[in-house]
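Let me begin by handing over the structure; questions about it come next.
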Amino acid sequence: MISGCAIVAGVVGRPIAHSLSPQIHNAWLEAAGVDGVYVPFAPDDRGFERLVEGFRGGAIRGLNVTLPFKEAALAISSQPSEAAQAAGAANVLVFEPDGRIVADNTDGVGLLRAFRAQAPQWDVAAGPVAVLGAGGAARGAVAALIAAGAPEVRVVNRTLAKAETLVGMLGPKARALPWSRAADAFGEATAVINATSGGLDGADGFDIPLAATPEACVVMDMVYKPLATGLLKAARALGRPTVDGLEMLIGQAVPSFEAFFGVSPPAGVDVRGLALKALGEKTA
Ligand code: NAP
């Protein structure tokens, strides 16, 4: 039951119709018995600022922010967290009654939660990590990995200049390498993380020299449509442990839910099963 006192939160992005976040948050709300609701918003490019300004002061409690508005979300906030500043983007906005807009980035937390869930043997501090890509998702991942204790993060990108810019922002533990040196980046890597949009929607033609990774190297793909991307299939064929992007999506939703509704998601709700069903994937 949603009463007149319901806490309202939502997700803003474009397109938004296929977002899994409303299903995940509303399943948790129902199971937790919280008087709250989570709804989607899809403003046009110029409508994002108007939408957020309209909520200033607490018309709703908060928003998750997805593409293409994550950088704009950071820019509009009055109080960005360290994680949001390091990532250069925000995926959570909380509207305080005094008019402050507090921004956070929970993608890094989501990434680390996904590793804990699907590769619990992996130790972030045990050796270098290779990150493919130098866009917003890569920047958040590199910042979170360094903050969590990774001794070195090797950023491999098709456009080397973008990797160099990213590394310049994140300090001496990050190194930039061109795509042609991916195999060098994979040597001794404890994990390889795909933070590019290559492999999206099953589009392969995405050449990654996975055989250069050590046997225990965990291969993670942020892309989750399809769940078994070409990269994850190739990793499994080589016997490498894998982590999928859906687990990261669920992982970033946990601290978002806590920020909006003031309680942790209840245990025992099969949000992964719900999301798999929505994606048309087998739940087994
Ligand atoms: P972005 O800022 O647009 O960056 C895209 C990156 O992909 C760039 O580094 C680009 O390289 C690279 N790229 C694109 N196509 C490529 C190809 N065919 N070969 C090699 N590199 C290619 O995007 P983003 O926001 O960082 O997001 C990246 C991906 O992460 C998206 O698929 C997004 O959906 C996913 N993501 C998932 C989660 C989750 O919770 N699972 C969270 C955040 C993001 P150039 O610099 O050379 O153009």
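Whatever order the structure lists ligands and atoms in, that order sets their numbers, starting from 1.
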Check: Do any nitrogen or oxygen atoms of G136 come within less than 3.5 Å of a nitrogen or oxygen of ligand 1?
Finding: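 For ligand 1, there is an N or O atom that lies under 3.5 Å from one belonging to G136.
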
Note to self: Return the CG to OH distance between D244 and Y224, rounded to the nearest 0.5 Å.
What the structure shows: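 If I round to the nearest 0.5 Å, the distance is 11.0 Å.
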
Notebook entry, point to check: Applying a 4.0 Å heavy-atom criterion (strictly less than), which segment of V223 is in contact with ligand 1: side chain, backbone, both, or neither?
Noted result: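 Just the side chain.
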
Check: What are the atoms of ligand 1, with element, lying closer than 4.0 Å to any heavy atom of G135?
Finding: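 Once the distances to G135 are compared, the set is 2 (O), 4 (O), 9 (O), 26 (O).
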
Next item on the list: Give yes or no for whether the N/O distance cutoff of 3.5 Å, strictly under, is met between S197 and ligand 1.
Entry: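 In this structure, S197 places an N or O atom under 3.5 Å from an N or O of ligand 1.
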
Margin query: As an exercise, identify every atom of ligand 1 less than 4.0 angstrom from a heavy atom of Y224.
Written below: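 So the atoms of ligand 1 that pass are 41 (N).
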
Margin query: We want to know whether T229 and D221 form a side-chain donor-acceptor pair, criterion being a heavy-atom distance below 3.5 angstrom.
Written below: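 There is such a pair (donor and acceptor under 3.5 Å, judged by atom type) between the side chains of T229 and D221.
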
Item checked: OH on Y38 to CG on N64, rounded to 0.5 Å ->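 Going from CG on N64 over to OH on Y38, the span is 3.5 Å.
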
Checklist line | Pairing of R61 and E96 as salt bridge, 4.0 angstrom limit | finding: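 Salt bridge: yes.
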
Item checked: Backbone of P43 reached by a side-chain donor or acceptor of R14 within 3.5 Å ->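 The answer is yes, because a donor-acceptor pair under 3.5 Å joins these two groups.
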
Next item on the list: Report, in ascending order of atom number, the atoms of ligand 1 lying under 4.0 Å from any heavy atom of L67.
Entry: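 Taking each heavy atom of L67 in turn, ligand 1 has 25 (O) under 4.0 Å.
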
Notebook entry, point to check: Do S81 and N105 meet the criterion of a side-chain donor-acceptor pair at a distance under 3.5 Å?
Noted result: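 Not at all, the side chains of S81 and N105 share no donor-acceptor pair under 3.5 Å.
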
Margin query: Determine whether a donor-acceptor pair (N or O, by modelled atom type, separation under 3.5 Å) exists between the side chain of R240 and the backbone of P214.
Written below: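 Yes.
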
Checklist line | Heteroatom proximity flag, A134 to ligand 1, N/O under 3.5 Å | finding: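 Yes, since at least one N or O of A134 sits under 3.5 Å from an N or O of ligand 1.
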
Notebook entry, point to check: Around Q121, counting heavy atoms of other residues, nucleotides and ligands shown, do more than 12 lie under 6.0 Å from its CD?
Noted result: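 Yes - once you tally the heavy atoms of other residues, nucleotides and ligands closer than 6.0 Å, there are more than 12.
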
Check: If we only count N/O pairs under 3.5 Å, is A137 in contact with ligand 1?
Finding: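 Yes, since at least one N or O of A137 sits under 3.5 Å from an N or O of ligand 1.
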
Notebook entry, point to check: Under 4.0 Å from any heavy atom of T159, which atoms of ligand 1 are there?
Noted result: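 Close to T159: 45 (P), 46 (O), 47 (O).
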
Margin query: Show me which atoms of ligand 1 lie under 4.0 Å from any heavy atom of G133.
Written below: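 Near G133, the atoms of ligand 1 are 9 (O).
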
Margin query: Any salt bridge linking E53 with R50? Criterion: basic side-chain nitrogen under 4.0 Å from a carboxylate oxygen.
Written below: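 No, E53 and R50 are not salt-bridged.
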
Note to self: N157 versus ligand 1: do any nitrogen or oxygen atoms come within less than 3.5 Å of each other?
What the structure shows: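 There is such a contact, yes.
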
Notebook entry, point to check: So is K70 polar-close to ligand 1, meaning N/O to N/O under 3.5 Å?
Noted result: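 Between K70 and ligand 1 (N or O atoms, distance only) the closest approach is not under 3.5 Å.
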
Next item on the list: Would you mind finding which of M222, R158, K162, E71 brings a heavy atom closest to atom 35 (C) of ligand 1?
Entry: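 The residue whose heavy atom sits nearest atom 35 (C) of ligand 1 is M222.
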
Notebook entry, point to check: Is any N or O atom of Q252, backbone or side chain, closer than 3.5 Å to an N or O atom of ligand 1?
Noted result: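 No; the residue has no nitrogen or oxygen that sits under 3.5 Å from a nitrogen or oxygen of the ligand.
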
Checklist line | Polar proximity ligand 1 side, D107 side, N/O cut 3.5 Å exclusive | finding: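 No; the residue has no nitrogen or oxygen that sits under 3.5 Å from a nitrogen or oxygen of the ligand.
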
Margin query: Once rounded to the nearest 0.5 Å, what's the spacing between atom CZ of R236 and atom NZ of K233?
Written below: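 Separation between the atoms: 9.5 Å.
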
Notebook entry, point to check: Just which atoms of ligand 1 are under 4.0 Å from any heavy atom in T196?
Noted result: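 Every atom of ligand 1 under 4.0 Å from some heavy atom of T196: 6 (C), 7 (O), 12 (C), 13 (N), 21 (N), 22 (C), 28 (C), 29 (C), 32 (O).
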
